[in-house]
J.: 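There's a structure below that I have some questions on.
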There are 2 protein chains.
Amino acid sequence: MVFSTGSILHTRTCHDADFDLTLIKRKANCDKAAREHESLMRHEDRDQIKKLSLFRDMPEAAIDRLLAGCYLQRFPAHVVLISEGEPADFLHIVIEGGVELFSTWRDRETTMSIARPVSTFILAAVIKDAPYLMSARTLQPSSILMIPSGNIRAMMAEDRVFGAAMVNELSASFREVVKSQKNVKLRSGVERLANYLLQLSETHDRCAEIELPIEKKTLASLLGMSPENLSRAFASLKAYGVVVNGGSVTLTQPGDLERLAKPNNLIDDPQS
Amino acid sequence: MVFSTGSILHTRTCHDADFDLTLIKRKANCDKAAREHESLMRHEDRDQIKKLSLFRDMPEAAIDRLLAGCYLQRFPAHVVLISEGEPADFLHIVIEGGVELFSTWRDRETTMSIARPVSTFILAAVIKDAPYLMSARTLQPSSILMIPSGNIRAMMAEDRVFGAAMVNELSASFREVVKSQKNVKLRSGVERLANYLLQLSETHDRCAEIELPIEKKTLASLLGMSPENLSRAFASLKAYGVVVNGGSVTLTQPGDLERLAKPNNLIDDPQS
DNA sequence: TTTCTTTTTTGATCAAAATCAAAAGCTTCG
DNA sequence: CGAAGCTTTTGATTTTGATCAAAAAAGAAA
């Protein structure tokens, strides 16, 4: 017998959302035919969107065509936006808030990554016209821009600049996942946490109090461990000057922590 | 203290190659200026390469430009082709043989994936003009096509069809890594092995004797476990009809194995 | 063939991390 | 406020899987 207990590290119990996206999608599909070239969003939102790096270099007219039939929608927290296995109807872009990408298998669940403004997610599925490999849910109240997959594919065929932007976006996502996998396969839980904290503190001054941007439960899953284990990982980092106070963390001895964490650009640097 | 022993699962001791690539690269860079539009390969090879899906839809002339300054080179087994952290000088394509992509951190090493003919590797690094995130070494004597990164980037700017092919390739790679990460984060070692074996047997008739395409040591690292543990994983799959004989494996009760493995298209199917 | 080296297997032990259980903190909401 | 429902923490226990050691098996080289 291989397994007595069914379960393994860093998993979470699945739970469904209480918010129904079906209506929105149906609406999108109906409306699309009727008013192909009219975008369903306010003008100030449009202007903001045009500034995104994905669209920045495109001619105005092309952007308008791309945004035809789009939705910019506000969602409450904890809404499931997409479920893995579904066909990729829309490219999603987080405009505001935050989105958790997660996967499930049997009774287990794991966080794959967190999408923050402004970034696309599940672009690869849209381009390949393949089922989503991950599910997505909002972490907080969030604005999501949804562009019909057809628009994306049409634009790719048409506009070289847009194609180049896609290639860049895809390359970046690819490298991000590779780094994340290196992290999981090469490091222990404590090491992953140490590096995560150092990475977080990067943007602020070292030694300053930093706020965890996600719940510990989610962080545990993101780092590939159980919540209990994360709690203990924090405890064992106390010896390296990590002071936890609810959701805020202070690194009192960043040098020591760094000596333990041994951060590496080819794993931890979001740029490289 | 967090760690008494320095090490963790699925790692391998690093070892260097005895084969020097520096010469080849230097040669490539010198030659390039001199004979920009002449490709350094035999005509029969050229013809074979033009049939690759990446290049199939490109005009003949464009292919010739792309292949200018390329090398099609035979390498013995266990040669390190690229090392992580190096700048991405060449796009590599496995024409024959097999290449292991691996990563290291501290004294640990892990196999990230295996590239088989005909496929590119480290395309994202080439496009982003960023350092390689993984190292690569031949598993067997192999033919590798090396295209200068500049050619790729130039062609992308120029040819829309090529751009589209790149996007497809990148999307596919991205989805592959995502699946691989789901595999690692959601499954135990035994489950990963079970699914690997089922996947292998997919191409052949079930129940037929199949040959492991890589050494067990490498397989262990690919699946994210120690060699010892792989050995034991095989042993515990005996109860599910897995008969191992050196490098060949027979699944005598594929039904039972499948009930254990619970394969899932969104993890195991290379197509989806 | 014999020898040397590397891979694989097996056994014993240890460490990391999951699970189970329960208490302690937080939020939310009537 | 207080009850209900989370999340987080802490403790005890178990499991998975790594490590160490050494034997067996398989290749490679002399």
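Quantities reported herein were computed from a predicted structural model and do not represent experimental measurements. All chains are named by letter (A, B, ...) in the order of the sequence lines, taking the proteins before the strands, and each is independently numbered beginning at 1.
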J.: Can you tell which of dT19(C), dG17(D), dT7(D) lies closest to the side chain of Lys217(A)?
T.: dT7(D)

J.: State whether Arg74(B) and Glu96(B) are salt-bridged, where the test is any N-O pair (Lys NZ or Arg NE/NH1/NH2 against Asp/Glu carboxylate O) under 4.0 Å.
T.: yes

J.: Nearest to the side chain of Ser231(B), heavy atoms from C-beta on, is which of dA17(C), dT9(C), dG17(D)?
T.: dT9(C)

J.: Would you call Glu109(B) and Arg137(B) a salt bridge, using N to O less than 4.0 angstrom?
T.: yes

J.: For Leu257(A), which of Val242(A), Thr252(A), Asn195(A) qualifies under side chain to side chain contact (heavy atoms under 4.5 Å, CB included)?
T.: Val242(A)

J.: Tell me which nucleotide among dT19(C), dT9(C), dT7(D) gets nearest to the side chain of Lys216(B).
T.: dT9(C)

J.: Rounded to the nearest angstrom, tell me the gap between atom CD1 in Ile214(B) and atom P in dT8(C).
T.: 10 Å

J.: Rounded off to whole Å, could you give me the CG-to-P distance for the Leu193(B) and dT9(C) pair?
T.: 11 Å

J.: Taking the side chain as every heavy atom from C-beta outward, state whether Ser272(B) and Lys179(B) have any pair of such atoms under 4.5 Å apart.
T.: yes

J.: Any chance you could lay out the side-chain hydrogen bond (donor to acceptor under 3.5 Å, both in side chains) test for Ser113(B) and Glu176(B), step after step, and finish with the verdict?
T.: CA-CA 9 Å; Ser113(B) 76; Glu176(B) 200 182 291; 4.6 Å; no

J.: Checking contacts here: which listed nucleotide (dT19(D), dT7(D), dA17(C)) is nearest the side-chain heavy atoms of Arg232(B)?
T.: dT19(D)

J.: For Phe234(B) and dT7(C), what is the distance between atoms CZ and C1' respectively, to the nearest whole Å?
T.: 14 Å

J.: Please give, in whole Å, the distance from dT5(C) P to Glu215(B) CD?
T.: 18 Å

J.: What is the distance, rounded to the nearest whole Å, between atom CZ of Arg187(A) and atom P of dA16(C)?
T.: 17 Å

J.: Tell me the interatomic distance from Arg108(A), atom CZ, to dT16(D), atom P, rounded to whole angstroms.
T.: 10 Å

J.: Between dT19(C), dT19(D), dA17(C), which one does the side chain of Glu228(A) approach most closely?
T.: dT19(C)

J.: What is the distance, to the nearest angstrom, from the CE atom on Met225(A) to the P atom on dG17(D)?
T.: 17 Å

J.: Side chain of Asn229(A): nearest nucleotide among dT8(D), dG17(D), dA17(C)?
T.: dA17(C)

J.: Calculate the interatomic distance between Arg192(A) atom CZ and dA16(C) atom P; express it in whole Å.
T.: 13 Å

